[in-house]
2 protein chains.
Amino acid sequence: MNQQLRMTKQRAAVAGALDATDEFRSAQQLHELLRDRGDAVGLATVYRTLQALAAGGEVDVLRTDDGEALYRRCARTEHHHHLVCRSCGHAVEIDGPTVESWAVRVGASQGFSDIEHTIELWGTCADCRAAAAHSG
Amino acid sequence: MNQQLRMTKQRAAVAGALDATDEFRSAQQLHELLRDRGDAVGLATVYRTLQALAAGGEVDVLRTDDGEALYRRCARTEHHHHLVCRSCGHAVEIDGPTVESWAVRVGASQGFSDIEHTIELWGTCADCRAAAAHSG
DNA sequence: CCAAGGCTGAGAATCGTTCTCATGACTCGC
DNA sequence: GCGAGTCATGAGAACGATTCTCAGCCTTGG
Ligand SMILES: [Zn+2]
Ligand SMILES: [Zn+2]
Ligand SMILES: [Zn+2]
Ligand SMILES: [Zn+2]
């Protein structure tokens, strides 16, 4: 089926970078991370790889307030949402069982079909709050 | 307070365009709309005005999957969410009372502060579905 | 080891959005 | 009405993120 996907050093590097962190990261951050690590990979390749991983459901993508895409390889591939620190990207996977059914119900009641939902929580994690307190 | 804001023909035009539609629209769509209408307004001004309106809570902003910002003047200014048609932008304002408390609770339980939530539902409205059925 | 075709990366190109700055429009006091 | 002081406008440049181009490289199957 997708036998045409080749395992290259670059893809492994990107996947490795994703596995190495627990935080949501932008394509550019991952690109820099790889460069610093010594596994330099072209920016275009980073984007392409993330795109492929996202399409395959292997990484989660979300958008910051200003539209930048952030990626993260979550522990599970089943549907879930996130609570993300807006300053460091640290994330916690969360479930919202009642939210799921609510979304479907509301959508259907308005005559809409193919309902999907975007549900993400943003906040400041304990570490970042402590850091801010010290400097502020 | 904000007495330094002047009511200009351009701002009125943008506000008018927003009032004239019930759908979420991008800055560029509004810009074209105004041009077609005869109330040509510079693109930069459209962006600036939308920004100001959004800052003042007079219009709602949301981001499409690919990061583009969409704006809409909703009937109410109190906190609410939306069910948006991904093909025409038609939107319905919705409430999620249980969702609100869930968001706060989950955020706090993980040690995060300043919790905010992004909750939007996407779907295909009845009209667009009908249109798609005819052509497909 | 080879051919075939996916993969890569530097740089150009897009695209949405913001910035710059010279010019225009308001406001207010006279 | 008139001018100074300001805020607003708009054309175009600048930006930042992402995508595209395409020639050369590398993985894979045999
Ligand atoms: Zn944090
Ligand atoms: Zn969900
Ligand atoms: Zn709204
Ligand atoms: Zn809410």
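Within every chain, numbering begins at 1; the chains are lettered A, B, ... in the order of the sequence lines, protein sequences first and strands thereafter.
Residue A:D95 places its CG atom among more than 12 non-hydrogen atoms of other residues, nucleotides or ligands, all under 6.0 Å distant.
If you check the side chains of B:E23 and B:T21, you find a donor sitting under 3.5 Å from an acceptor. Defined by atom type and a distance below 3.5 Å, a donor-acceptor pair is missing between the side-chain atoms of A:D127 and A:H90.
With respect to the salt-bridge test (charged N to carboxylate O, under 4.0 angstrom), the residues A:R63 and B:D65 do not qualify. A:R72 has a carboxylate O that lies under 4.0 Å from a charged side-chain N of A:E93, or vice versa, which qualifies the two as a salt bridge.
For A:R6 against C:dC7, no side-chain N or O and base N or O form a donor-acceptor pair under 3.5 Å.
At whole-Å resolution of the value, CZ in B:R11 and C1' in D:dA8 are 6 Å apart. When the C1' atom of D:dG16 is taken as reference, atom CG of A:D66 falls 10 Å away, rounded to whole Å.
The phosphate of C:dT18 (OP1 or OP2) has no side-chain N or O of B:Y47 nearer than 4.0 angstrom. Between B:T8 and D:dA8, a side-chain N or O to OP1/OP2 separation shorter than 4.0 Å is absent. In this model, the phosphate group of D:dA8 is not approached by any side-chain N or O of B:Q10 to a distance below 4.0 Å at OP1 or OP2.
Nearest approach of B:R129 to A:G111, heavy atoms of both residues: NH2-O, 2.9 Å. Taking both residues in full, the closest heavy atoms of B:V61 and B:A54 are given as CG2-CB, 3.6 Å, listed atom of the first, atom of the second, then distance.
In the hydrophobic clustering of ILVMFWY residues, with side-chain heavy atoms under 4.5 Å counting as a link, A:L18 and A:V46 come out together. A:W102 and B:W102 fall within the same hydrophobic cluster, defined by Ile, Leu, Val, Met, Phe, Trp and Tyr side-chain heavy atoms under 4.5 Å apart, directly or through other members.
Minimum atom distance to the side chain of B:E68 is reached by C:dT17, of the listed D:dA11, C:dA10, C:dT17. Taking every side-chain heavy atom of B:T45 into account, D:dG10 is the closest of D:dG10, C:dT8, D:dT18.
Scanning residues 31-43 of chain A for heavy-atom distances under 4.0 Å to DNA chain C yields A:V41, A:G42. Less than 4.0 Å separates DNA chain D from at least one heavy atom of each of the following residues of residues 48-65 of chain B: B:R48.
Counting any heavy atom pair closer than 4.0 Å across all strands shown, B:M7 reaches no nucleic acid atom.
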